[in-house]
Amino acid sequence: MRRDEDVRFSVVIPTLNEATVIGEQVRRTLALEPGAEVIVADGGSDDATAALAAQAGAIVVEGRRGRGSQLNAGAAQATGDVLLFLHADTQLPANAFSLLRERFAAGDAQIGTFRLAFDQAHWLFAVYTFFSRFDSVFTTFGDQCIVVRRSFFLTLGGFPDWPLFEDVALLQKARRQTRVHSFPAAVVTSARRFEREGIVRQSLRNGWYVLRYLLGASPWDLAASYEREGA
């Protein structure tokens, strides 16, 4: 068993034109865990994302555009014992790394996610926050920050190289082998898409896309449709 202080973390952040948030995201993550390895996996941004990430202290790697491919490219460069797959617009709780040390140092946890909170108030967001503490294919997603022991991530074969639902697929594979833990703290994610599209409309749309995925629709077709509808 490793001592708590021996657990090393690699934080992988996929980006595409996230210049407005990436610098602060990297700096905040390093402030929470100065010894963390922060890797920004960029998908070919045409703004200053890569330069700002490097300036803030991140390792920047280029991956083929698509979240699954980018996450795998970042993970391939990681050297930590535990990988955190963190969205650029999602903020970790202040106690994230102390909590994760406690869970992963003992060797019982292989994979888990945080609970979810939004940066805006609405009753539907409160519903999401409540149900995100229960693990299922309908309640657990990548915006909750997937945290996984690197050795287990390699056993799972990484993310599928998909542009959408790569998070759902990884968690589905993980559930066949172990429990997906729900860590007792919440990440705060941006409600920007909900604000732009409308909260009820976006909620129904998300559920419809998950159902289509589970019924066998192609992740590439779903991603193209999702972006087209949200344009």
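Remember, predicted model here, so these are calculated numbers, not experimental data.
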Rounded distance [0.5 Å steps], OG1 in Thr79 versus CD in Glu37: 3.5 Å

Any donor and acceptor pair, going by atom type alone, linking the side chain of Arg103 with main-chain N or O of Leu100 inside 3.5 Å? no

Applying side-chain contact (heavy atoms from CB on, under 4.5 Å), can you list everything that pairs with Ala50, at least two apart in sequence or on another chain? Val60

Residue set satisfying side-chain contact (heavy atoms from CB on, under 4.5 Å) with Ala56, at least two apart, ordered chain then number -> Val26, Arg27

Under a 3.5 Å distance rule, please check whether Arg65 uses its side chain to pair with a backbone N or O of Pro163 as donor and acceptor. no

What do the steps show when you test Phe141 against Val210 for side chain to side chain contact (heavy atoms under 4.5 Å, CB included), and what is the final call? CA-CA 11 Å; Phe141 301 97; Val210 172; 4.0 Å; yes

If you draw a 6.0 Å radius around CZ in Phe131, do more than 12 non-hydrogen atoms from other residues or ligands fall strictly inside? no

Between Ser45 and Leu16, does a side chain to side chain contact (heavy atoms under 4.5 Å, CB included) hold up when you go through it step by step? CA-CA 5 Å; Ser45 296; Leu16 182 64; 4.2 Å; yes

In Å and rounded to the nearest 0.5 Å, what is the OG1 to CD1 distance from Thr155 to Ile111? 11.0 Å

Of all pairs that satisfy salt bridge (charged side-chain N to carboxylate O under 4.0 Å, His left out), the ones with a partner from residues 157-170, not counting sequence neighbours: Arg64-Asp161, Arg67-Glu166

Between Asn17 and Asp46 (side chain of the first, backbone of the second, donor and acceptor by atom type, cut-off under 3.5 Å), is there such a pair? yes

Cation-pi between Arg212 and Tyr209: NZ/CZ under 6.0 Å from ring centre and within 45° of the ring axis? yes

Tyr226 vs Phe165, test: ring pair (Phe, Tyr, Trp, His ring centres under 6.0 Å). Steps then yes/no. CA-CA 12 Å; Tyr226 192 81; Phe165 292 118; 8.1 Å; no

Residues in salt bridge (charged side-chain N to carboxylate O under 4.0 Å, His left out) contact with Arg175, at least two apart in sequence or another chain: Asp135

Check salt bridge (charged side-chain N to carboxylate O under 4.0 Å, His left out) between Arg201 and all other residues, then give those that pass, not counting sequence neighbours. Glu197

Any carboxylate oxygen within less than 4.0 angstrom of a Lys/Arg side-chain nitrogen, looking at Arg150 and Asp81? no

Nearest 0.5 Å, what's the CG-CD1 distance between Leu86 and Ile39? 12.5 Å

Drop me the distance from Leu154's CG to Leu83's CG, to the nearest 0.5 angstrom. 7.5 Å

Taking the six-membered ring for Trp, are Phe125 and Phe118 parallel (under 30°), tilted (30 to 60°) or perpendicular (over 60°)? parallel

Side chain to side chain contact (heavy atoms under 4.5 Å, CB included) for Thr129 and Leu116? Distances and angles first, verdict last. CA-CA 5 Å; Thr129 298; Leu116 187 64; 5.5 Å; no

Going by heavy atoms in the side chains, are Trp123 and Ile199 under 4.5 Å from each other? no

Do we get Arg101 above Phe9's six-membered ring, with its NZ or CZ under 6.0 Å from the centre and within 45° of the axis? no

Residue pairs meeting ring pair (Phe, Tyr, Trp, His ring centres under 6.0 Å), one or both in residues 36-74, sequence neighbours left out, come to none

Taking atom CD as the centre, does Gln55 end up with more than 12 heavy-atom neighbours from other residues, nucleotides or ligands that are less than 6.0 angstrom away? no

Between the OG1 atom in Thr29 and the CD atom in Gln25, the distance rounded to the nearest 0.5 Å is 4.0 Å

